[in-house]
Amino acid sequence: MSGLADSNSSGKIVFLHLVRSLILVMSTAGQPQPQSSLKKKLKLNTYPFYSPRFWHGMCLGDWLRLMAMGRFRIHPLRICMALIITGCAAGNSVAALFQRLIYGRKIAATEISEPPIFIIGHWRSGTTYLHELMVCDHRFAYPTYYECYEPNHFLLTGWFAPALLWPLLPRKRPMDNMATGWHRPQEDEFALCAMGSPTPYYRMAYPNEAPLCSEFLDMEGCKPEDLTRWRRDIKRFVQSLTMKKRKRLIMKSPPHTGRIEELAKLFPGAKFIHIARHPETIFPSTRRLWVSLDWAQGLQHPHHRDLDEYVLSALERMYHGFEKQRSRISPNQLYELKYEDLVRDPVGEVRKIYEQLGLGDFEQMRPTMETHVGRQKDYKINRHELEPELKAEIRRRWAAYFERYGYE
(Lines give C-alpha, C1' and ligand atoms only; values in the text may rest on other atoms or scores of the structure.)
Protein backbone atom coordinates (compact mmCIF):
# COMPACT_ATOMS: atom_id res chain seq x y z
CA MET A 1 0.00 0.00 0.00
CA SER A 2 2.82 2.42 0.83
CA GLY A 3 4.35 1.95 -2.63
CA LEU A 4 1.01 2.72 -4.26
CA ALA A 5 0.63 5.81 -2.10
CA ASP A 6 4.13 7.00 -3.03
CA SER A 7 3.31 6.47 -6.70
CA ASN A 8 0.07 8.44 -6.44
CA SER A 9 1.86 11.23 -4.59
CA SER A 10 4.57 11.45 -7.29
CA GLY A 11 1.90 11.57 -9.98
CA LYS A 12 0.14 14.44 -8.23
CA ILE A 13 3.41 16.36 -7.95
CA VAL A 14 4.12 15.95 -11.67
CA PHE A 15 0.57 17.04 -12.55
CA LEU A 16 0.76 20.13 -10.31
CA HIS A 17 4.11 21.14 -11.80
CA LEU A 18 2.71 20.83 -15.34
CA VAL A 19 -0.31 22.96 -14.42
CA ARG A 20 1.98 25.51 -12.81
CA SER A 21 4.11 25.60 -15.98
CA LEU A 22 1.03 26.15 -18.13
CA ILE A 23 -0.21 29.04 -15.96
CA LEU A 24 3.26 30.63 -15.84
CA VAL A 25 3.73 30.60 -19.60
CA MET A 26 0.22 31.86 -20.35
CA SER A 27 0.62 34.71 -17.87
CA THR A 28 3.80 35.95 -19.61
CA ALA A 29 2.72 35.25 -23.19
CA GLY A 30 2.06 38.90 -24.02
CA GLN A 31 5.20 40.32 -22.43
CA PRO A 32 8.13 41.44 -24.61
CA GLN A 33 11.02 39.00 -24.80
CA PRO A 34 14.51 40.42 -25.49
CA GLN A 35 16.36 38.84 -28.43
CA SER A 36 13.17 36.98 -29.45
CA SER A 37 14.01 37.80 -33.07
CA LEU A 38 17.48 36.23 -32.81
CA LYS A 39 16.37 32.94 -34.33
CA LYS A 40 14.86 34.69 -37.36
CA LYS A 41 17.89 36.96 -37.75
CA LEU A 42 20.32 34.02 -37.91
CA LYS A 43 18.41 32.23 -40.72
CA LEU A 44 18.88 28.78 -39.20
CA ASN A 45 18.29 25.52 -41.02
CA THR A 46 14.94 23.99 -40.15
CA TYR A 47 14.74 21.12 -37.69
CA PRO A 48 11.50 19.20 -38.37
CA PHE A 49 9.12 18.47 -35.53
CA TYR A 50 9.41 14.73 -36.23
CA SER A 51 13.23 14.63 -36.02
CA PRO A 52 14.78 13.01 -32.93
CA ARG A 53 15.82 15.09 -29.95
CA PHE A 54 18.72 14.25 -27.66
CA TRP A 55 16.24 13.18 -25.02
CA HIS A 56 14.57 10.52 -27.19
CA GLY A 57 17.32 8.05 -26.29
CA MET A 58 16.93 8.34 -22.51
CA CYS A 59 15.55 5.65 -20.27
CA LEU A 60 12.40 6.55 -18.35
CA GLY A 61 13.98 7.18 -14.95
CA ASP A 62 16.65 9.50 -16.41
CA TRP A 63 14.07 11.38 -18.48
CA LEU A 64 11.80 11.94 -15.47
CA ARG A 65 14.78 13.12 -13.46
CA LEU A 66 15.71 15.62 -16.19
CA MET A 67 12.17 17.02 -16.19
CA ALA A 68 12.34 17.32 -12.39
CA MET A 69 15.68 19.15 -12.64
CA GLY A 70 13.87 21.83 -14.62
CA ARG A 71 10.93 21.75 -12.21
CA PHE A 72 8.70 20.64 -15.09
CA ARG A 73 8.70 24.16 -16.57
CA ILE A 74 7.60 23.00 -20.01
CA HIS A 75 6.05 25.32 -22.58
CA PRO A 76 2.50 24.24 -23.50
CA LEU A 77 3.51 23.83 -27.15
CA ARG A 78 6.27 21.42 -26.08
CA ILE A 79 4.11 19.23 -23.85
CA CYS A 80 3.21 16.99 -26.78
CA MET A 81 6.91 16.51 -27.53
CA ALA A 82 7.54 15.72 -23.85
CA LEU A 83 4.79 13.08 -23.87
CA ILE A 84 6.22 11.43 -27.00
CA ILE A 85 9.68 11.37 -25.43
CA THR A 86 8.16 9.80 -22.32
CA GLY A 87 6.77 6.97 -24.46
CA CYS A 88 10.12 6.52 -26.21
CA ALA A 89 11.89 6.53 -22.84
CA ALA A 90 9.67 3.70 -21.63
CA GLY A 91 10.58 1.69 -24.74
CA ASN A 92 14.27 2.50 -24.25
CA SER A 93 14.08 1.18 -20.70
CA VAL A 94 12.79 -2.17 -21.95
CA ALA A 95 15.39 -2.38 -24.74
CA ALA A 96 18.18 -1.36 -22.33
CA LEU A 97 17.13 -4.13 -19.93
CA PHE A 98 17.38 -6.73 -22.68
CA GLN A 99 20.78 -5.38 -23.76
CA ARG A 100 22.07 -5.67 -20.20
CA LEU A 101 20.79 -9.23 -19.95
CA ILE A 102 22.36 -10.26 -23.25
CA TYR A 103 25.55 -8.20 -23.38
CA GLY A 104 26.07 -6.84 -19.85
CA ARG A 105 28.81 -9.27 -18.80
CA LYS A 106 30.58 -9.07 -22.16
CA ILE A 107 30.63 -5.26 -21.99
CA ALA A 108 32.01 -5.28 -18.44
CA ALA A 109 34.70 -7.80 -19.44
CA THR A 110 35.80 -5.85 -22.54
CA GLU A 111 39.35 -4.58 -22.19
CA ILE A 112 40.32 -1.32 -23.84
CA SER A 113 43.74 -2.41 -25.06
CA GLU A 114 44.19 0.70 -27.23
CA PRO A 115 43.04 3.83 -25.38
CA PRO A 116 40.86 6.29 -27.29
CA ILE A 117 41.97 9.39 -29.13
CA PHE A 118 39.96 12.43 -28.00
CA ILE A 119 39.43 15.46 -30.25
CA ILE A 120 38.84 18.49 -28.04
CA GLY A 121 38.39 22.23 -28.40
CA HIS A 122 35.66 24.79 -27.89
CA TRP A 123 32.40 24.46 -29.77
CA ARG A 124 32.65 25.70 -33.37
CA SER A 125 36.44 25.52 -33.38
CA GLY A 126 36.56 22.81 -36.06
CA THR A 127 36.28 19.66 -33.98
CA THR A 128 33.67 18.11 -36.29
CA TYR A 129 35.72 18.75 -39.41
CA LEU A 130 38.84 17.30 -37.79
CA HIS A 131 36.87 14.29 -36.55
CA GLU A 132 35.61 13.52 -40.06
CA LEU A 133 39.14 13.81 -41.46
CA MET A 134 40.63 11.50 -38.83
CA VAL A 135 38.03 8.76 -39.24
CA CYS A 136 38.91 8.45 -42.91
CA ASP A 137 41.50 6.02 -41.52
CA HIS A 138 39.65 2.70 -41.40
CA ARG A 139 42.08 1.38 -38.81
CA PHE A 140 40.11 3.50 -36.33
CA ALA A 141 36.45 3.46 -35.32
CA TYR A 142 34.09 6.14 -34.03
CA PRO A 143 30.66 6.54 -32.40
CA THR A 144 27.91 7.11 -34.95
CA TYR A 145 24.80 9.28 -34.76
CA TYR A 146 22.68 6.26 -33.89
CA GLU A 147 25.08 4.97 -31.23
CA CYS A 148 25.16 8.40 -29.58
CA TYR A 149 21.40 8.88 -29.75
CA GLU A 150 20.65 5.35 -28.50
CA PRO A 151 23.62 4.44 -26.28
CA ASN A 152 21.51 2.30 -23.97
CA HIS A 153 20.67 -0.37 -26.54
CA PHE A 154 22.56 0.17 -29.82
CA LEU A 155 24.17 -3.27 -29.54
CA LEU A 156 20.70 -4.75 -29.59
CA THR A 157 18.99 -2.48 -32.13
CA GLY A 158 21.79 -0.97 -34.19
CA TRP A 159 21.62 -3.61 -36.93
CA PHE A 160 18.10 -2.65 -38.06
CA ALA A 161 16.89 0.61 -36.47
CA PRO A 162 18.98 3.12 -38.53
CA ALA A 163 17.52 1.68 -41.75
CA LEU A 164 14.01 2.25 -40.42
CA LEU A 165 14.68 5.69 -38.95
CA TRP A 166 16.68 7.27 -41.78
CA PRO A 167 13.80 9.56 -42.94
CA LEU A 168 13.67 11.23 -39.52
CA LEU A 169 17.04 13.00 -39.70
CA PRO A 170 17.26 16.35 -41.54
CA ARG A 171 19.85 16.55 -44.31
CA LYS A 172 21.85 19.26 -42.53
CA ARG A 173 22.52 20.20 -38.95
CA PRO A 174 20.41 23.17 -37.74
CA MET A 175 23.43 25.38 -36.98
CA ASP A 176 25.55 24.87 -40.14
CA ASN A 177 25.81 23.07 -43.47
CA MET A 178 27.41 19.84 -42.19
CA ALA A 179 25.57 16.73 -43.39
CA THR A 180 23.84 14.35 -41.00
CA GLY A 181 23.29 10.60 -41.16
CA TRP A 182 22.82 7.73 -38.73
CA HIS A 183 26.19 6.21 -39.67
CA ARG A 184 28.23 9.42 -39.68
CA PRO A 185 30.59 10.25 -36.78
CA GLN A 186 28.93 11.98 -33.85
CA GLU A 187 29.83 13.66 -30.57
CA ASP A 188 29.93 11.27 -27.61
CA GLU A 189 28.59 13.96 -25.24
CA PHE A 190 25.17 13.21 -26.71
CA ALA A 191 25.59 9.59 -25.64
CA LEU A 192 26.36 10.68 -22.07
CA CYS A 193 23.28 12.89 -22.20
CA ALA A 194 21.04 10.01 -23.31
CA MET A 195 22.56 7.75 -20.67
CA GLY A 196 21.45 10.17 -17.95
CA SER A 197 25.00 11.17 -17.13
CA PRO A 198 25.43 14.74 -15.79
CA THR A 199 26.33 17.04 -18.68
CA PRO A 200 26.14 20.76 -19.47
CA TYR A 201 23.92 19.81 -22.41
CA TYR A 202 20.99 19.54 -20.03
CA ARG A 203 20.90 23.34 -20.34
CA MET A 204 19.30 22.92 -23.76
CA ALA A 205 16.21 21.31 -22.22
CA TYR A 206 15.59 24.41 -20.09
CA PRO A 207 17.31 27.33 -21.85
CA ASN A 208 15.37 29.93 -19.81
CA GLU A 209 16.57 28.57 -16.45
CA ALA A 210 19.98 28.68 -14.76
CA PRO A 211 22.42 26.41 -16.69
CA LEU A 212 22.51 22.84 -15.41
CA CYS A 213 25.70 20.85 -14.68
CA SER A 214 28.13 23.65 -15.63
CA GLU A 215 30.62 22.12 -13.19
CA PHE A 216 31.22 19.43 -15.80
CA LEU A 217 32.93 22.01 -18.02
CA ASP A 218 36.02 21.97 -15.79
CA MET A 219 35.21 19.11 -13.35
CA GLU A 220 35.43 21.40 -10.33
CA GLY A 221 32.69 21.33 -7.73
CA CYS A 222 31.11 18.09 -9.01
CA LYS A 223 29.12 16.12 -6.48
CA PRO A 224 30.85 12.78 -5.72
CA GLU A 225 27.80 10.75 -6.80
CA ASP A 226 27.56 12.71 -10.08
CA LEU A 227 31.24 12.22 -10.80
CA THR A 228 30.95 8.50 -10.10
CA ARG A 229 27.99 8.30 -12.51
CA TRP A 230 29.87 10.20 -15.22
CA ARG A 231 32.95 7.97 -14.93
CA ARG A 232 30.83 4.81 -15.05
CA ASP A 233 28.82 5.93 -18.07
CA ILE A 234 31.67 7.07 -20.29
CA LYS A 235 33.67 3.93 -19.54
CA ARG A 236 30.66 1.73 -20.29
CA PHE A 237 30.02 3.56 -23.57
CA VAL A 238 33.66 3.16 -24.66
CA GLN A 239 33.59 -0.52 -23.67
CA SER A 240 30.36 -1.07 -25.63
CA LEU A 241 31.84 0.55 -28.74
CA THR A 242 35.09 -1.38 -28.37
CA MET A 243 33.24 -4.67 -28.00
CA LYS A 244 31.29 -3.98 -31.18
CA LYS A 245 34.03 -2.50 -33.39
CA ARG A 246 37.26 -4.05 -32.11
CA LYS A 247 39.25 -0.99 -33.16
CA ARG A 248 40.85 1.99 -31.49
CA LEU A 249 38.26 4.74 -31.07
CA ILE A 250 38.44 8.37 -32.13
CA MET A 251 36.04 10.34 -29.94
CA LYS A 252 35.02 14.00 -30.18
CA SER A 253 33.39 16.24 -27.60
CA PRO A 254 34.04 19.93 -26.86
CA PRO A 255 33.17 19.56 -23.13
CA HIS A 256 36.00 17.02 -22.83
CA THR A 257 38.39 20.00 -23.18
CA GLY A 258 38.10 20.67 -19.45
CA ARG A 259 38.20 16.97 -18.52
CA ILE A 260 41.52 15.75 -19.90
CA GLU A 261 42.88 14.77 -16.49
CA GLU A 262 39.83 12.62 -15.71
CA LEU A 263 39.94 11.01 -19.16
CA ALA A 264 43.65 10.30 -18.88
CA LYS A 265 43.03 8.48 -15.58
CA LEU A 266 40.09 6.48 -16.93
CA PHE A 267 41.93 5.53 -20.14
CA PRO A 268 45.68 5.38 -19.45
CA GLY A 269 47.64 6.26 -22.57
CA ALA A 270 44.78 8.21 -24.17
CA LYS A 271 45.75 10.84 -26.75
CA PHE A 272 44.28 14.34 -27.06
CA ILE A 273 44.12 16.54 -30.15
CA HIS A 274 43.22 20.12 -29.29
CA ILE A 275 42.08 22.55 -31.99
CA ALA A 276 41.85 26.32 -31.54
CA ARG A 277 40.14 28.97 -33.67
CA HIS A 278 39.95 32.75 -33.72
CA PRO A 279 37.77 33.88 -30.80
CA GLU A 280 35.93 36.44 -32.90
CA THR A 281 34.71 33.56 -35.06
CA ILE A 282 34.07 31.20 -32.16
CA PHE A 283 31.78 33.59 -30.28
CA PRO A 284 29.10 34.35 -32.93
CA SER A 285 29.23 30.80 -34.24
CA THR A 286 28.71 29.39 -30.73
CA ARG A 287 25.87 31.81 -30.12
CA ARG A 288 24.27 30.56 -33.34
CA LEU A 289 24.83 26.98 -32.19
CA TRP A 290 22.98 27.46 -28.92
CA VAL A 291 20.12 29.39 -30.51
CA SER A 292 19.57 26.61 -33.04
CA LEU A 293 19.86 23.77 -30.53
CA ASP A 294 17.76 25.51 -27.87
CA TRP A 295 14.91 25.91 -30.34
CA ALA A 296 15.29 22.38 -31.69
CA GLN A 297 15.85 20.57 -28.38
CA GLY A 298 14.29 22.77 -25.70
CA LEU A 299 11.23 22.04 -23.63
CA GLN A 300 10.74 25.81 -23.47
CA HIS A 301 10.58 28.61 -26.04
CA PRO A 302 13.96 30.26 -25.38
CA HIS A 303 14.26 34.01 -24.85
CA HIS A 304 18.11 34.00 -24.78
CA ARG A 305 18.37 37.01 -22.49
CA ASP A 306 21.57 35.67 -20.89
CA LEU A 307 22.99 33.78 -23.85
CA ASP A 308 25.97 36.06 -24.50
CA GLU A 309 27.07 35.78 -20.89
CA TYR A 310 26.75 32.00 -21.02
CA VAL A 311 28.95 31.82 -24.14
CA LEU A 312 31.59 34.02 -22.53
CA SER A 313 31.61 32.26 -19.16
CA ALA A 314 31.53 28.72 -20.61
CA LEU A 315 34.79 29.25 -22.51
CA GLU A 316 36.37 30.81 -19.44
CA ARG A 317 35.42 27.83 -17.30
CA MET A 318 36.32 25.21 -19.89
CA TYR A 319 39.79 26.65 -20.51
CA HIS A 320 40.40 27.24 -16.82
CA GLY A 321 40.09 23.47 -16.48
CA PHE A 322 42.12 22.72 -19.60
CA GLU A 323 45.07 24.95 -18.68
CA LYS A 324 45.09 23.65 -15.11
CA GLN A 325 44.98 20.01 -16.14
CA ARG A 326 47.33 19.97 -19.13
CA SER A 327 50.40 20.01 -16.87
CA ARG A 328 49.16 16.80 -15.20
CA ILE A 329 49.25 14.66 -18.34
CA SER A 330 52.28 13.57 -20.32
CA PRO A 331 53.33 16.04 -23.06
CA ASN A 332 53.34 13.20 -25.62
CA GLN A 333 49.61 12.71 -25.03
CA LEU A 334 48.58 16.16 -26.32
CA TYR A 335 48.88 17.75 -29.76
CA GLU A 336 47.56 21.22 -30.61
CA LEU A 337 46.73 22.90 -33.92
CA LYS A 338 44.74 25.79 -35.32
CA TYR A 339 41.60 25.56 -37.42
CA GLU A 340 42.98 28.14 -39.84
CA ASP A 341 46.03 25.92 -40.53
CA LEU A 342 43.84 22.82 -40.88
CA VAL A 343 41.58 24.27 -43.58
CA ARG A 344 44.58 25.71 -45.45
CA ASP A 345 46.46 22.38 -45.54
CA PRO A 346 44.37 19.48 -44.15
CA VAL A 347 46.70 16.78 -45.46
CA GLY A 348 49.81 18.40 -44.01
CA GLU A 349 48.23 19.12 -40.62
CA VAL A 350 46.81 15.62 -40.18
CA ARG A 351 50.19 14.16 -41.13
CA LYS A 352 51.75 16.17 -38.29
CA ILE A 353 49.17 14.73 -35.88
CA TYR A 354 50.09 11.19 -36.89
CA GLU A 355 53.80 11.87 -36.53
CA GLN A 356 53.59 13.64 -33.15
CA LEU A 357 51.18 11.18 -31.52
CA GLY A 358 52.54 8.01 -33.13
CA LEU A 359 49.26 6.97 -34.77
CA GLY A 360 50.80 4.79 -37.47
CA ASP A 361 51.52 5.16 -41.17
CA PHE A 362 49.71 8.25 -42.46
CA GLU A 363 50.20 7.29 -46.11
CA GLN A 364 47.80 4.35 -45.71
CA MET A 365 44.87 6.69 -45.11
CA ARG A 366 46.00 9.62 -47.23
CA PRO A 367 44.09 8.66 -50.45
CA THR A 368 40.81 8.25 -48.55
CA MET A 369 41.29 11.55 -46.75
CA GLU A 370 42.14 13.41 -49.95
CA THR A 371 38.94 12.09 -51.51
CA HIS A 372 36.95 13.32 -48.51
CA VAL A 373 38.63 16.75 -48.68
CA GLY A 374 37.75 16.97 -52.36
CA ARG A 375 34.08 16.35 -51.61
CA GLN A 376 34.11 19.17 -49.06
CA LYS A 377 35.60 21.82 -51.35
CA ASP A 378 32.22 23.46 -52.01
CA TYR A 379 31.25 23.60 -48.33
CA LYS A 380 30.05 27.07 -47.34
CA ILE A 381 30.78 28.39 -43.88
CA ASN A 382 28.47 30.81 -42.09
CA ARG A 383 29.51 34.45 -42.02
CA HIS A 384 29.21 36.50 -38.83
CA GLU A 385 29.43 40.14 -37.82
CA LEU A 386 30.11 41.46 -34.32
CA GLU A 387 29.25 44.80 -32.79
CA PRO A 388 32.34 46.84 -31.73
CA GLU A 389 31.27 46.78 -28.07
CA LEU A 390 30.91 43.00 -28.14
CA LYS A 391 34.29 42.60 -29.84
CA ALA A 392 35.89 44.61 -27.04
CA GLU A 393 34.17 42.46 -24.40
CA ILE A 394 35.32 39.25 -26.09
CA ARG A 395 38.91 40.50 -26.19
CA ARG A 396 38.72 41.47 -22.52
CA ARG A 397 37.08 38.28 -21.22
CA TRP A 398 38.99 35.88 -23.47
CA ALA A 399 42.36 37.63 -23.37
CA ALA A 400 44.12 34.49 -22.13
CA TYR A 401 42.82 32.50 -25.14
CA PHE A 402 43.93 35.26 -27.56
CA GLU A 403 47.41 35.22 -26.04
CA ARG A 404 47.83 31.45 -25.65
CA TYR A 405 46.96 30.69 -29.29
CA GLY A 406 48.48 33.76 -30.91
CA TYR A 407 45.39 35.54 -32.21
CA GLU A 408 45.71 39.28 -32.80
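All values derive from a computational prediction rather than experimental measurement.
A salt bridge links E349 with K352: at least one charged nitrogen is closer than 4.0 Å to a carboxylate oxygen. Under the 4.0 Å criterion applied to side-chain N and carboxylate O atoms, R65 and D62 are assigned as salt-bridge partners. A salt bridge links E393 to R396: at least one charged side-chain nitrogen sits closer than 4.0 Å to a carboxylate oxygen. Here D308 pairs with R287 in a salt bridge; the nearest charged N to carboxylate O distance falls below 4.0 Å. Salt bridge annotation for E316-R397: present, with a cationic side-chain nitrogen under 4.0 angstrom from a carboxylate oxygen. Here K338 does not pair with D341 in a salt bridge; the nearest charged N to carboxylate O distance is not below 4.0 Å. Taking 4.0 Å as the cut-off between side-chain N and carboxylate O, K324 and E220 count as a salt-bridged pair. We find that E132 and R375 are not joined by a salt bridge, their nearest charged nitrogen and carboxylate oxygen being 4.0 Å or further apart. Between E280 and R395 there is a salt bridge, since a side-chain N of the basic residue sits under 4.0 Å from a carboxylate O of the acidic one. Salt bridge present: D294 and R203 bring a charged side-chain N and a carboxylate O closer than 4.0 Å. Taking 4.0 Å as the cut-off between side-chain N and carboxylate O, R351 and D345 do not count as a salt-bridged pair. Salt bridge E323/R404: present, at least one basic N to carboxylate O contact under 4.0 Å. For the pair K247 and E114, the salt-bridge criterion is not met [side-chain N within less than 4.0 Å of a carboxylate O]. Between E370 and R366 there is a salt bridge, with a side-chain nitrogen of the basic residue lying less than 4.0 Å from a carboxylate oxygen of the acidic one.
Within the 3.5 Å criterion, the main-chain N or O of C148 finds no donor-acceptor partner in the side chain of Q186. A donor-acceptor contact shorter than 3.5 Å links the side chain of Q333 to the backbone of A270. Looking at R73, its side chain never comes within 3.5 Å of a backbone N or O of Y206 through a donor-acceptor pair. Panel note: side chain R124, backbone H122; no donor-acceptor pair is recorded below 3.5 Å. Of the possible donor and acceptor atoms, one in the side chain of Q99 sits under 3.5 Å from a partner among the backbone N and O of L155. Side-chain N or O atoms of H131 include one that pairs as donor or acceptor with a backbone N or O of I250 at under 3.5 Å. In terms of modelled atom types and a separation under 3.5 Å, the side chain of Y201 and the main chain of F54 share no donor-acceptor contact.
For Y149 and Y146, the distance between ring centers is not under 6.0 angstrom. Ring to ring, H256 and F322 are not that close: their centroids are 6.0 angstrom or more apart.
The two atoms that bring V135 and P185 nearest to each other are CG2-CG, 4.0 Å, heavy atoms only.
A side-chain N or O of D137 and one of Y354 form a donor-acceptor pair less than 3.5 Å apart. Residues T144 and W182 have side chains that never bring a donor and an acceptor to within less than 3.5 angstrom of each other. Side-chain atoms of Q300 and E209 include a donor-acceptor pair closer than 3.5 Å. Under 3.5 Å, the side chains of E189 and S253 contain a donor-acceptor pair of N or O atoms.
Heavy atoms from other residues, nucleotides or ligands lying under 6.0 Å from NZ of K106 number 12 at most. In this structure, R105 places its CZ atom where only 12 or fewer heavy-atom neighbours from other residues, nucleotides or ligands lie under 6.0 Å away. Dense packing is recorded around CD of E363, with more than 12 heavy atoms of other residues, nucleotides or ligands lying under 6.0 Å away. The local environment of CD in E111 is sparse, with at most 12 non-hydrogen atoms from other residues, nucleotides or ligands closer than 6.0 Å.
In this structure, CG on N208 lies 10.0 Å from NE2 on H301, to the nearest 0.5 angstrom.
Note: F402 and H278 have perpendicular aromatic rings, judged against thresholds of 30 and 60 degrees for the angle between ring planes. Using cut-offs of 30° and 60° on the angle between ring planes, the pair F237 and F154 is perpendicular. Between Y407 and Y401, the two ring planes are parallel [angle under 30°; tilted spans 30° to 60°].
Y103 does not carry K244 over the face of its six-membered ring by the limits of under 6.0 Å from the centre and within 45° of the normal.
Checking each of W290, F283, Y310 against W123 for a ring pair (Phe, Tyr, Trp, His ring centres under 6.0 Å) leaves exactly one that passes, namely W290.
For the pair I74/M67, a side-chain contact is recorded, criterion being any heavy-atom separation below 4.5 Å from C-beta on.
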